[in-house]
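See below for the structure under consideration.
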Amino acid sequence: MSTSSFSVFGLVLKNTKKRIRSVLNYALPVAFVAVCGTAIEFDEYQHAVTDVNEAARRDSQAYANLIMERLDTRFTELDMALAALRGPDDRTAPLSPQVELSLRHYLLSRPTYLTFSVLGADGESIQWSTSPRKKSLAAPLRNFSIIPKMPNHFLGSVHYSENLGTVVLPMRVREKDDSKTGFFLGSPYRLSRFLDEQDLPSDYRKWEFVVVDTRNGQSLTHLLRMQDQVDPLSSIKPEMVAQAPVPGYPFVVQVLVSSSRVWRNYTEQALARWSVEALILALLVIAGEFLIRRRDREQMVHLRRLTDFNMFMAQASQCASQANNEAQLLQEICDMAIRYAHFKIALIAQPDETQRFRMLAISGAQTYMENVVISARADVPEGQGTIGQVWRSGHPIFNASFLNNATLAPWKERALGLGLRSNTALPIYRDGKVWAVFSVYHEKSDIFDDQVQILLKEICINISMGLDRIYSQQLRSALLDNSVVGILLVQDRIVQMTNSYAPTC
C-alpha cells in the first residue's frame, strides 16, 4: 500500500473518530436522561398502581359498609314486624284480621318490600302471606344460613323468583323466647335495591363493583346484569382486583381495576413530569453543546499555542546555529519568546560573584525586574524561587504558580500586579555544567503541558549548542590570530581555516 493510501486511510479514520465523538457527546446526555427517565417513569407507574389499588380498596369498603347497613336495617325492620305479630300473651295461630291488616299497611309504607310471609316454627309451612301465589310450603330452612352476629337472622341463596319476576335475596327472622321457638317472618330483598350504588358519593361510583356471595362464589352483580340484559363485565381485563368484605355477612365486594384506569391515573401528573424531564434533557444538551464548544476552543488555543512554540523553537534553533555573538544570541532568544510564544517576560540570568543573579538578556515587561533580588543561595528567601532552585539542582521547574507556591512569596505582589500567574525556569548548560537559567513568565496558570515542556527543553538544548559553537569559534579564532607561525586547519585534504602566517601557494 502506498504512502498516499496510508494518508487517506488515516484521514478517513481520524474523521470517523471525530464524528463518533461528536455523536457520543450528544448521545450520552440523551441516553442518561432516557435511563433516568425510564427508572422514574417506572417508579411513577408503580405509585399509580398503588394509589389506584388503595383507592379501590377504600371505595369498595365504603360500598361494603353500605350493603351491611342496608341488611342491618332490613333485619331490624323484620324484627319490628315480627314483634307486631304477637302481643305479650298472644302466641296462637292463625293471625287475626287486625294483625293482617296491620301488616298490609306496613307493607304499603315500605315500597321496597315485595312480600311478607309468616311461617310456622318449622320454618317451612306458610301460615300467611301477602302474596296469593305463595304455596303452603316455603324453601326449606336448611337452605338458609345463619348470620353469626345475629343467630335469629337467616339469609337464603340469591335466585330469580318467577312469582316476583326479579332476582331476590330471601331473608328470614325468627321469634325466640326462653322456652320454645316461635314463628318465622320471611321477606325477599330485591337484588337491584340491595346492590344499588346511587347512595354512594359520586366520586365513589367510578368503579366496576362486583358483589360475590362467599357461600357459593356466585357473582350477584353478574346475575343482576344478566337479568337486565347488560353485558356482565365480560370485556373488562382487570389489572388487579381489590376486595372488601361486607362486615358480618357472607358477601365480599370486589373492584375490577382495569389497566386503562391505572394508565389514566399515571398520566394525570405526567405532563408536568415530562415537561421537567424535557427541560432537563434540553439543559443537558445545551450544557453538552457548551462543553463541546469550550473544548473545541481550548483545543484550538492549545493547537495555536503549540504552533507558536514550534515557530519559536524553529527560529531559536536557526538563530543558535547562525549566531556569532553570545549576547546577541541570548537577547534574540528572549525577544523570540515574547514575539512567538507570547510570554509576558523572558530572561536569561547568571549569578555573579556575590551569588546574585544578573540579567544576561531580558525582554518583555522589564519593569518587573527592577530592584528585584534573586539569589543563588539556598539559605535566603530570595534563593528559594524557581531560578535559584534550577541553578542549584540543574532540573527544570514548570507551572510554578505565584498564587499557590509559597517559595515565590517575595515576588508575589509584584507579579500579580503585572498579571503574571505562572513561571517556568530551565537550565542552560555549557561544557556540561549549568551556565545560566532561562526563565519565562505567563499570564495564565498551568499552560505548560507535556508538549510545551518538551519544546522548551529542546530550545534550551539549542541555546546550549549555540553557545558551545560560539565558544569554539572564538577559541579557534584566538588560537589562529595569536599565533606567529603559519597554521592550516585541514580536514579530508580540504583547508578549513588558516591564519595570516600560513603560506598562500
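Being a predicted model, the structure only gives us computed values, none of them experimental.
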(message) Taking Ala346's backbone N and O only, do any of them form a donor-acceptor pair with Ser363's side chain (distance below 3.5 Å, no angle check)?
(response) no
(request) May I ask you to test the Leu155-Tyr249 pair for a side-chain heavy-atom distance under 4.5 Å? (result) yes
(request) Just jot down the side chain to side chain contact (heavy atoms under 4.5 Å, CB included) partners of Arg377, sequence neighbours excluded, or say none. (result) Gln355, Ser375, Asp379, Val380
(request) Mind checking the NE2-NZ spacing from His442 to Lys344? Nearest 0.5 Å is all I need. (result) 9.5 Å
(message) If I take atom SG from residue Cys334 and atom CD1 from residue Ile463, how far apart are they, to the nearest 0.5 angstrom?
(response) 7.5 Å
(request) Going by the side chain to side chain contact (heavy atoms under 4.5 Å, CB included) test, name the single residue among Leu420, Asn423, Val440 that passes it with Ile345. (result) Leu420
(request) Kindly compute the distance separating OG1 (Thr166) from CG (Leu224), expressed to the nearest 0.5 Å. (result) 7.5 Å
(message) For a quick test of reading the model, state the closest non-hydrogen atom pair linking Trp391 to Ala436 and the distance between them.
(response) CZ3-N, 3.8 Å
(request) Taking all non-hydrogen atoms of both residues into account, name the closest pair between Phe312 and Ala341 and its distance. (result) CD2-CB, 4.1 Å
(request) Measure the CG-CG distance between Leu169 and Asp213 for me, rounded to the nearest 0.5 Å. (result) 8.0 Å
(request) Evaluate the side chain to side chain contact (heavy atoms under 4.5 Å, CB included) criterion for residues Leu200 and Phe209: first the C-alpha distance (whole Å), next the side-chain angles of each, then the deciding distance (0.1 Å), finally the verdict. (result) CA-CA 12 Å; Leu200 283 173; Phe209 292 113; 4.0 Å; yes
(request) Output yes when a side-chain donor or acceptor of Ser317 lies under 3.5 Å from a complementary backbone atom of Ala314, and no otherwise. (result) no
(message) Under a 3.5 Å distance rule, please check whether Gln331 uses its side chain to pair with a backbone N or O of Ile362 as donor and acceptor.
(response) yes
(message) Would you say NZ of Lys149 has more than 12 non-hydrogen atoms from neighbouring residues, nucleotides or ligands within 6.0 angstrom?
(response) yes
(message) If I take atom OG1 from residue Thr386 and atom CD from residue Gln389, how far apart are they, to the nearest 0.5 angstrom?
(response) 7.0 Å
(request) Report yes or no: does Gln350 contribute a side-chain atom to a donor-acceptor pair with the main-chain N or O of Val437 at less than 3.5 Å? (result) no
(request) Anything under 30° is parallel, anything over 60° is perpendicular, the rest tilted; go ahead and classify Phe448 against Phe343. (result) parallel
(request) Keeping the roles fixed (side chain from Tyr189, backbone from Leu71), state whether a donor-acceptor pair exists under 3.5 Å. (result) no
(message) Could you measure the distance from the CD1 atom of Ile470 to the CG atom of Leu329? Nearest 0.5 Å is fine.
(response) 5.0 Å
(message) Please tell me whether Asn65 and Gln61 have a donor and an acceptor in their side chains that are separated by less than 3.5 angstrom.
(response) yes
(request) May I ask you to decide if Lys444's main-chain N or O and Ser422's side chain share a donor-acceptor pair within less than 3.5 Å? (result) yes
(request) Measure from the side-chain N and O atoms of Arg57 to the backbone N and O of Ala244, and report whether any donor-acceptor pair falls under 3.5 Å. (result) no
(request) Could you pull out the closest heavy-atom pair between Val167 and Val158, with the gap in Å? (result) CG1-CG1, 3.5 Å
(message) Determine whether Arg190 and Asp196 satisfy the following criterion, salt bridge (charged side-chain N to carboxylate O under 4.0 Å, His left out), listing intermediate values before the conclusion.
(response) CA-CA 10 Å; Arg190 192 193 305 269; Asp196 187 16; over 6 Å; no
(message) Applying side chain to side chain contact (heavy atoms under 4.5 Å, CB included) to Asn310 and Leu455, what does each step give before you reach the verdict?
(response) CA-CA 7 Å; Asn310 277 294; Leu455 293 175; 3.7 Å; yes
(request) Taking Gln218 for its side chain and Val212 for its backbone only, find out whether a donor-acceptor pair lies under 3.5 Å. (result) no
(request) Mark yes or no for whether Thr221, through its side chain, and Val211, through its backbone, hold a donor-acceptor pair below 3.5 Å. (result) yes
(request) Apply the test side chain to side chain contact (heavy atoms under 4.5 Å, CB included) to residues Trp207 and Glu197: give CA-CA distance (whole Å), side-chain angles for both, the deciding distance (0.1 Å), then the verdict. (result) CA-CA 10 Å; Trp207 307 100; Glu197 302 176 10; over 6 Å; no
(request) Could you tell me whether a side-chain N or O of Tyr63 sits under 3.5 Å from a main-chain N or O of Leu195, the two making a donor and an acceptor? (result) yes
